[in-house]
Each structure stands twice: as structure tokens, then as C-alpha cells.
There are 2 protein chains.
Amino acid sequence: MTKERQLRKQEEIRSIILGAARDIIEKEGIKGLSIRKITNAIEYSPAIIYHYFKDKNEIIETIVEEGYIRILNSLTVVERNEKQPEKEIKEVFSNYIKAALDNRDEYMTVMLNDDPILKQRTTILKKGISKSSKTMALLSETIKRGVEQGRFSECDVELTAQVMWTSAFGLIMKLMIEKDIAEDQINALIETHFKTLFSGIMIRKEEL
Amino acid sequence: MTKERQLRKQEEIRSIILGAARDIIEKEGIKGLSIRKITNAIEYSPAIIYHYFKDKNEIIETIVEEGYIRILNSLTVVERNEKQPEKEIKEVFSNYIKAALDNRDEYMTVMLNDDPILKQRTTILKKGISKSSKTMALLSETIKRGVEQGRFSECDVELTAQVMWTSAFGLIMKLMIEKDIAEDQINALIETHFKTLFSGIMIRKEEL
DNA sequence: CATATTATTAAACACTGTTTAATAATAGAA
DNA sequence: TTCTATTATTAAACAGTGTTTAATAATATG
């Protein structure tokens, strides 16, 4: 057997393990995943896992990273809207929010697990930070454009961009907690959220 | 021994168990809590727990509820600010956010644990929903007042109130994730967040 | 064919939460 | 006080968890 074929065989079993793990996570969530459940499903002994993975965390990390990358990939450049830059911004967030909702477990794990798993997942986090900061820069630019063309009021663009992120994060969390929301309802919530966010409620801004 | 004294004795041991549990949670987080850690600390056998509590969840629920109530208690009526209702709103949120940050574990558990623990914690959730909806009503009223006095622009007050909550939730989560932030920095972030939220960025609102 | 490498597992270890049945301690009644 | 009934406490086990060790089976390479 050639070395390559051997490596392919190894990769195959690795992906069989990951496949079983994905199935379990889909049905029972990340917390429902256990080494013995995986090995029962693939009819191997529990110890086999440690021949293909360092530990259980490596399995979870791998799967979480896949989902997180799907989310990051949603952060693509959207069609430029010269007249209504706010539509551009809303579309970027809308894509991101939907991708996050499609990968709940993974998003939650990346975002708020400070426990065993994500201590040294620097790789995945770096990717996230890199992509997010690029998106943030793009967002700032769009806001700046809006200000320059007199459509947006004068503001600290970086700060405004950050508040938008924070606020969108809250919306994502809210939508994730209240599960079983219909697609069109999600769209409506995103719509009104950003509408309110853009418009603000103050009339005399100079007083703030 | 009178029946009362007996009950007092029981309550005493219950609170000793809870005290030990609190210590462990403070040091190692809720996930670090274990029955055997508790019973080692109080020098009892593991089985004793089940004489004073239904199960481990009841202990966690009790402690989480304590913290959550502290957060809910922060939702008190603030001094009315007739001229600047936005200051009133910001103060309400500011209190709430700080209370949430002071009770991280509890807040996180109540908010985003759909797993074993919070399935039947209807009691605690009802309290939360009741208090939150009262606060929400108050918030709506304040916004309405602002609109009527011409300080805030015309808007769907309930919707605006909801967006504010969502957005504040995002801010809380952000602040919780990025731990080790100084008190004054937190204040600054709250300040700018609500400033941006109030002002919005659109100039021609009628176009939205 | 023999050897070296790799794959796989049985068994154990140290943890979890929880239950059962037995025992120790104490309360109230005679 | 003594006896009984109640309560408090525990030892031991069960069924889980992740992980490690050492032995074995399978395969590749010389």
C-alpha cells in the first residue's frame, strides 16, 4: 500500500468518526456528544478515537470550525447601493444573522464558550477576527460614504459600526433563544431592528 | 426538640450545602460544581445531598435564582427626568447591565441554557418575564413621553423599546465575553452605545 | 517469511450524578 | 428511662463520562 493510500484510509476513518459525531450533535446538541456514542455508532471501541484525534475537544473543534467558517463565508461583499447605503449595511448583517441561525450550536460555542473547548482554538478565532475586522472596515467605509453624501449624520464611524455589531449580536442571541421562529418573521425582525437602529429616536441631536 | 427547631436545623444544613456550592461556583464556575466537591468541602457523604435537595439541578437553580433576582431587583424605577427622558432610559439600562455583569454565571444560565437545568424553572422565568414586561411598559411610556414632548421622533414605541432591549442584550453579552474590563470603561461603552442608539444615523427619516 | 509498523481493543482509572439498603442518631411516647 | 418511630447519614453500587496503558491483531515493508 502506498503512503498516500494509507493516509487516505486514515482520513476516511477520521471523517467517519466526524460524520457520526455530526449526527449525534444534530440530534442531541454538542453536550449530548460522547465518545462512546460515537464508537457505538461506528461499531468500534472507545479507545480508537484517540488514535485519530488528540481528544474529544479536537472533534468538537473540528465540527465547530466547519460551522463557524460557513458563517464567516456569509460575510461577503454585497452589491453596492450608492443611493441607499443603509440597505447595503442591512444586507450584510442579514446574511450574517441567517448564517448564524443556520449554525446555532457552532456560533454559540465560538461566541460564548470560555470553558474547556475554546481555550486554544486560536486558529479559528484568528480567522474570525480577521474576517470580522475586514467586514468592520467595510462597514465603516459604507457609513463614511453615507455621511459624506449627506445621507447619514456626522458621527464617529468606527464607533457607530461597533454599536451596530453589538446590537446585531443581541438580535442574533434573541433569535437563537426564541427558537421556532418562521423565516419571514425573522426577516421582519431584522428589518424593524435596523430601521430603528438607523433612524434613532432623537430629534435634536446636538443636545446629546 | 420542637418541630420548628427541627426545621431550622434542616434549613441550616441546606444553607451549608448551598454555601459550599456557592464557593465552588465562584472559583470554578457552574460547570465546575460537583456533588462530591460539595460533600468533600462540608465533610459529608455524597448521598446526603439527596436528603436535602431533589438533585443537583435544584442546587444550581436555587443559586442561579438568587443571582437572577439580584439582577431583577436592579430594575427599579429611576428618578424621572422630564427634560431628558433619554437619560432616564439610559439609567435603567445602565443599572440592569451592571447587575448582569455582577452576576455573570447566573445571567448566562438563565438567558441561554436550554439544556438540562432550565427546563422547568418556570417560577424563576415567570418572575423574570413579569418584571421585564413591567420595565418594558415603563420604557415604552418614557419613550412615548419623549415623543409627545417633541424630543423624540414619531415611532412605534413598543417596537423601539424592544429594539433597545435587544441591543442592550447584545452589549451585555459583549461585555461578558470580553472579561476584565475596568468599571469606567464599561461606563464609557454604555454611554456611547446608547448615544448612538438614540441619535441614529439617518438624516432624512421619511425615506426609510 | 520475518520484522517493523500500524490499527484495534480490553481493561482499568478517575471522574461524574444518582439510588438502594443498611445503619446511626435522635425524637416522642409509655 | 426504655421502646419505638422517625430522621439523618452513609457505604456501596450503578450507569454514565473522558482518557490511558498495555496487549493483541492486522498489515506493510524489508
Side-chain angles (χ1 to χ4, degrees), chain A residues 1-18 20-21 23-25 27-64 109 113 115-121, chain B residues 1-21 24-25 27-64 109 113 115-121:
Chain A
M1 203 202 296
T2 112
K3 206 124 207 171
E4 286 171 20
R5 179 164 145 63
Q6 202 175 345
L7 284 175
R8 244 187 299 139
K9 184 98 189 169
Q10 281 184 20
E11 267 310 311
E12 201 181 317
I13 294 190
R14 248 185 90 99
S15 75
I16 286 172
I17 292 173
L18 287 174
D23 290 347
I24 295 164
I25 288 178
K27 283 172 200 149
E28 312 179 39
I30 286 181
K31 282 168 195 166
L33 183 70
S34 91
I35 260 68
R36 280 171 182 81
K37 275 184 198 166
I38 297 174
T39 50
N40 280 345
I42 62 177
E43 292 180 305
Y44 273 79
S45 125
I48 197 66
I49 298 295
Y50 301 88
H51 196 259
Y52 293 94
F53 294 90
K54 188 183 148 239
D55 54 19
K56 191 189 167 188
N57 283 344
E58 195 179 306
I59 297 177
I60 294 178
E61 269 181 58
T62 308
I63 293 172
V64 165
T109 307
N113 226 342
D115 273 4
I117 304 160
L118 320 169
K119 280 296 172 193
Q120 269 162 329
R121 91 251 102 123
Chain B
M1 204 201 298
T2 109
K3 205 125 206 171
E4 288 171 21
R5 179 163 145 61
Q6 201 174 344
L7 284 175
R8 245 187 299 139
K9 184 97 188 169
Q10 281 184 19
E11 267 309 311
E12 201 181 315
I13 294 191
R14 249 185 89 99
S15 75
I16 287 172
I17 293 172
L18 287 173
I24 295 164
I25 288 177
K27 284 172 200 149
E28 312 179 39
I30 286 181
K31 283 168 196 166
L33 183 70
S34 89
I35 260 66
R36 279 169 182 83
K37 275 184 198 166
I38 296 173
T39 50
N40 280 346
I42 63 178
E43 291 180 306
Y44 273 80
S45 126
I48 197 67
I49 297 296
Y50 301 88
H51 197 260
Y52 294 95
F53 295 90
K54 186 184 149 239
D55 54 19
K56 191 190 167 188
N57 284 345
E58 195 179 306
I59 298 178
I60 294 178
E61 269 180 57
T62 309
I63 293 174
V64 164
T109 307
N113 227 341
D115 273 3
I117 305 162
L118 319 169
K119 280 297 172 194
Q120 270 162 330
R121 91 252 100 124

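Keep in mind that the numbers below use all heavy atoms, side chains included, and drop hydrogens, waters and symmetry copies. First the proteins, then the strands, lettered A, B, ... as listed; each starts at 1.
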Report each atom pair, protein N/O against N/O of nucleotides 18-20 of chain C, whose distance is under 3.5 angstrom.
unit_1	atom_1	unit_2	atom_2	d
C:dT18	OP2	B:Tyr50	OH	2.8
C:dT18	OP2	B:Lys56	N	2.9
C:dT18	O5'	B:Tyr50	OH	3.2
C:dT18	O4	B:Arg36	NH2	3.4

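Atom CD1 of A:Ile49 is separated from atom P of C:dA7 by 14 Å (rounded to the nearest Å). Atom CZ in B:Arg8 sits roughly 17 Å away from atom P in C:dT26 (whole-Å rounding). Rounded to an integer number of Å, the gap from CZ of A:Phe53 to P of D:dG18 is 14 Å. Nucleotide D:dG16 holds its C1' atom 18 Å from the NZ atom of A:Lys31, rounded to whole Å. The distance between atom CD1 of B:Ile48 and atom P of C:dA24, rounded to the nearest whole Å, is 15 Å.
A close approach under 4.0 Å does occur between a side-chain nitrogen or oxygen of B:Gln10 and OP1 or OP2 of D:dA8. A:His51 has no side-chain polar atom (N or O) that falls below the 4.0 Å cut-off from OP1 or OP2 of C:dT8.
A:Tyr52 comes within 4.0 angstrom of the backbone, heavy atoms only, and of no base. A:Leu33 comes within 4.0 angstrom of the backbone, heavy atoms only, and of no base. Across all strands, A:Ile13 comes closer than 4.0 Å only to sugar-phosphate atoms, never to a base (heavy-atom distances).
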Can you check side-chain contact (heavy atoms from CB on, under 4.5 Å) on B:Ile30 and B:Ile63, steps first, answer last? CA-CA 10 Å; B:Ile30 286 181; B:Ile63 293 174; over 6 Å; no
With side-chain contact (heavy atoms from CB on, under 4.5 Å) as the test, would you mind laying out the steps for B:Ile49 and B:Tyr44 before giving the verdict? CA-CA 9 Å; B:Ile49 297 296; B:Tyr44 273 80; over 6 Å; no
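A salt bridge is absent between A:Lys56 and A:Glu61: the closest approach of a Lys/Arg side-chain nitrogen to an acidic carboxylate oxygen does not fall below 4.0 angstrom.
Separation of atoms CD1 (A:Ile13) and CZ (A:Arg8) is listed at 13.5 Å; rounding is to 0.5 Å. In this structure, CD1 in B:Ile16 is found 9.0 Å from OH in B:Tyr52, a value given to the nearest 0.5 Å. Between the CG atom of A:Leu33 and the CD1 atom of A:Ile25 there is a distance of 5.0 Å, given to the nearest 0.5 Å. Atom NE2 of A:His51 sits about 12.5 Å away from atom CZ of A:Arg14, to the nearest 0.5 Å.
Residues from residues 37-45 of chain B placing a heavy atom under 4.0 Å of any atom in DNA chain D, listed by number, are B:Tyr44, B:Ser45.
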Mind listing the side-chain donor-acceptor pairs of residues 36-43 of chain B below 3.5 Å, one per line with the distance, residues two or more places apart or on another chain?
unit_1	atom_1	unit_2	atom_2	d
B:Lys37	NZ	B:Glu28	OE1	2.7
B:Lys37	NZ	B:Gly32	O	2.6
B:Thr39	OG1	B:Ile35	O	3.1
B:Thr39	OG1	B:Arg36	O	3.2
B:Asn40	ND2	B:Arg36	O	3.4

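Minimum interatomic distance between B:Asp55 and B:Tyr50 (heavy atoms only, all atoms of both residues): CA-CE2, 3.9 Å.
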